[in-house]
Amino acid sequence: MTLPDTAAIPAGDDRTFQVDLRGLVDLLSHHLYSSPRVYLRELLQNAVDALTARHSLEPGAPTDAFGIRLYADGSVVRVEDDGVGLTEADVHTFLATIGRSSKRAERIAEQRADFIGQFGIGLLSCFLVADEIHVLSRSARTPDAPTVEWRGRGDGSYTVRTLPASARPLPGTTVTLTPRADAGEWTRPVQVQSLARHFGSLLRHPVTFADGTGGTPAPVNPEPAPWTGTYPTPGARSRALAAYGEEVLGFKPLDTIELDLPAVGLKGVACVLPETVPAGRRHGHRVHVKGMLLSEQAEEILPEWAFFVRCVVDAESLRPTASRESLYEDDTLAAVRDALAERLREWIARAAASDPDLLARFLQAHHLAVKSLAVHDDEILRMLLPWLPFETTDGHATLDEFARTHRTVLVTSSVEEFRQVAAIASAAGLGVVNGGYTYDRELVHRLPEIRPEASVADLDPATLTAHLDPVDRETELAAAAYLAQARDALAVFDCDVALRAFQPASAPALLVDSREARHERTRSQLAREQEGGVWGDILGALRQEAPRAQLILNQLNPLVRTAVTITEPELARTSAEALYGQAAMLSRRPLRPAESSLINRSFLDLLAHALRKDS
């Protein structure tokens with residue numbers, strides 16, 4: 001096949017994309033911006049960027065020489081700034097071209113990092129609340145620049161006029177919106193003032209608000225961020241940060257951690273939550289970029305294990321996404337996350353070294369978070385493992401305390417295993433730690449790294465049964481017939497039966513089993529049922545010799561001493577089933593349907609036997 005000569009194909013006419021502005025605004029409102037309220041943030045952002053550009057032209061001017069003024073009276077919303085302004089050419093280029101931002105202009109390309117917005121779509125957010133945007137602007141780049149008026153409408157049309165300089169005597173820009181009737185929720189004076197404070201409380205330029213009633217304009221950001229201030233003592237600084245955290249985040253911090261990363265211009269505070277946080281729940285953090293609130297739910301600023309703090313930070317070098325409601329995931333953000341994580345580690349180290357009371361209150365609330373950190377962080381492990389609480393056969397204790405009493409520390413693999421053996425292991429003098437909770441088993445096994453003289457081993461049934469006293473030969477022989485009946489009755493559960501003597505005497509029986517052994521027995525059962533098929537071959541290849549469960553009867557218990565003398569076969573079987581059911585319930589593990597049925601049946605059979613005997 002011969003390909004056509006592309007040179008012979010006539011060139012088509014060049015065309016430009018046609019943009020349906022109403023469709024684009026609908027797209028932004030449903031998929032880019034979280035709420036129509038962002039229109040005010042975008043107007044504030046444009047004003048701040050204009051002021052930044054103005055300061056680049058007049059670097060000697062004080063920061064508060066230029067400002068932003070907001071006005072809302074219910075019929076209009078107006079945002080006025082003393083920024084760099086726009087020429088008529090700028091208006092045609094930047095206000096009438098979607099996606100083109102003045103922050104991309106070559107003349108300020110090297111300063112783009114100084115600006116918040118760089119996507120050229122922010123002004124479109126005003127169409128979420130208004131059908132027309134009115135802009136008056138006068139450029140500060142040319143001393144005798146005229147005033148330019150731009151009117152953009154939601155149908156995609158716009159007009160541009162040049163007005164006399166008297167229309168706006170000083171450089172800057174005024175944006176006026178006439179809200180639609182359905183936008184009152186976001187454009188009422190009280191709401192505009194609230195949104196301005198919400199988004200702009202940390203802006204470095206003065207921002208004021210007036211509502212048309214004739215009163216003095218109210219400052220939107222009267223107080224600078226508390227971490228920028230000077231205080232007479234470190235205690236006063238800590239109290240100021242804590243008060244700010246309580247005001248902004250809504251809780252009284254257990255403590256505060258000041259955050260300062262000069263390399264990226266980040267400052268802020270991390271507030272330690274005073275109460276336990278459920279595992280896996282991550283709180284969002286308030287992130288400002290160059291003073292403008294970016295997000296209240298920025299989870300990505302800290303690692304997952306740091307769910308015991310909430311942060312308020314202001315950064316210079318973090319990149320917002322196009323919606324400016326979250327952070328762009330890049331190498332800078334990753335480095336910031338690592339650096340902030342290190343600040344949290346340093347705070348934990350200081351508390352461990354110099355403030356044991358604070359550390360104890362912190363661990364009481366957040367031991368799970370610290371355990372998750374200690375598993376992967378050797379430094380935190382060395383500092384805090386001796387302080388962390390664990391459930392043991394001596395009650396709740398630290399590993400440091402527990403290891404002083406028990407040279408060999410045994411650890412279970414599950415909560416149910418610990419509950420099965422706790423009372424009996426304690427009576428036998430064994431030191432057992434519940435390793436069934438998240439991270440606990442891994443941490444207990446790392447105890448010798450902190451205390452080399454300590455020995456740690458997993459608890460298995462053989463270890464426990466080895467510490468139970470055997471009964472004498474005569475007693476064993478006398479109970480042999482009963483034990484045989486019991487083993488036959490419990491064979492369906494792959495359970496052996498043995499007779500031992502152990503404390504406490506009030507415990508008639510102990511069921512020794514493990515989750516892994518039950519899983520292996522289940523797999524073996526499936527292999528037998530599927531024998532000959534493909535799944536049977538696969539399960540058979542995986543099959544191992546699974547250890548059987550073991551019901552250990554306590555010879556010291558009066559009920560057991562009576563039960564082993566039973567000679568009637570049916571009653572012997574029923575009593576063995578009842579002892580098994582009671583031991584299974586005491587283990588607190590989920591009962592299988594067959595076990596629940598056995599418990600019900602054995603109870604009814606024993607009740608029927610007792611009634612027959614009485615009659």
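This one's a predicted model, so the numbers in the text were calculated from it and none came from an experiment.
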Derivation of the side chain to side chain contact (heavy atoms under 4.5 Å, CB included) call for E577 and R601: CA-CA 9 Å; E577 291 173 341; R601 186 179 68 251; 3.3 Å; yes

Pairwise salt bridge (Lys or Arg N to Asp or Glu O under 4.0 Å) hits with a residue in residues 463-475, at least two apart: none

Heavy-atom donor-acceptor pair, R451 side chain to A403 backbone, under 3.5 Å: no

Reported SG-to-NZ distance for the pair C271 and K252, which is rounded to 0.5 angstrom: 12.5 Å

Any side-chain donor near an acceptor of the partner, W387 and D400, under 3.5 Å: no

Minimum-distance pair of heavy atoms, taken over all atoms of L606 and A578: CD1-CB, 3.7 Å

Any donor-acceptor pair under 3.5 Å from T475 side chain to V471 backbone: no

Y231 side-chain N/O to P226 backbone N/O, donor-acceptor pair under 3.5 Å: yes

Basic-acidic side-chain contact under 4.0 Å: E296, R286: yes

Short side-chain to backbone donor-acceptor contact, T392 and V432, under 3.5 Å: no

Intermediate values then yes/no, side chain to side chain contact (heavy atoms under 4.5 Å, CB included), L499 and L483: CA-CA 8 Å; L499 186 64; L483 294 178; 4.3 Å; yes

N/O donor-acceptor pair under 3.5 Å between S238 side chain and P234 backbone: yes

Member of V312, L266, V313 meeting the side-chain contact (heavy atoms from CB on, under 4.5 Å) criterion with H288: V312

Candidate pair F362 and D255, rule side chain to side chain contact (heavy atoms under 4.5 Å, CB included), full reasoning: CA-CA 9 Å; F362 169 66; D255 197 18; over 6 Å; no

Nearest heavy atoms of I599 and G581, plus distance in Å: CG1-CA, 3.6 Å

Residues R237 and E258 bridged, charged N to O under 4.0 Å: yes

Sidechain N-carboxylate O distance under 4.0 Å for R343, D260: no

Shortest non-hydrogen contact from F308 toward A369: CD2-CB, 3.5 Å

E453 atom CD, over 12 foreign heavy atoms within 6.0 Å: yes

Residues forming a salt bridge (charged side-chain N to carboxylate O under 4.0 Å, His left out) with R197, sequence neighbours excluded: none

Side-chain (Q503) to main-chain (A505) donor-acceptor, under 3.5 angstrom: yes

D338 atom CG: more than 12 heavy-atom contacts under 6.0 Å: yes

Side chain to side chain contact (heavy atoms under 4.5 Å, CB included) assessment of L443 paired with L381: CA-CA 8 Å; L443 290 172; L381 178 78; 3.7 Å; yes

Value rounded to 0.5 Å, distance of CG in L373 from CD1 in I348: 5.5 Å

cation_pi(K371, F390) dist<6.0 Å, angle<=45: yes

Nearest heavy atoms of F418 and E391, plus distance in Å: CE2-OE2, 3.6 Å

Closest approach of V264 to T332 (non-hydrogen atoms, all atoms of both residues): CG1-CG2, 4.0 Å

Within 6.0 Å of CD in Q364, more than 12 heavy atoms from elsewhere: no

Side-chain donor/acceptor of N554 to backbone N/O of F502, under 3.5 Å: yes

Which atom of R337 lies closest to which atom of E300, heavy atoms considered: NH1-O, 2.7 Å

Short N-O contact, D377 and R382, less than 4.0 angstrom: no

S602 and Y580 side chains, donor-acceptor separation under 3.5 Å: no

Side-chain donor-acceptor pair present, S413, E417, cut-off under 3.5 Å: yes

Interatomic spacing from CD in E246 to CZ in F251 - rounded to 0.5 Å: 9.5 Å

Stepwise ring-ring contact (aromatic ring centres under 6.0 Å, His included) test for Y439 and W305: CA-CA 12 Å; Y439 310 117; W305 56 258; over 10 Å; no

Enclosure of F603 CZ (heavy-atom neighbours >12, cutoff 6.0 Å): no

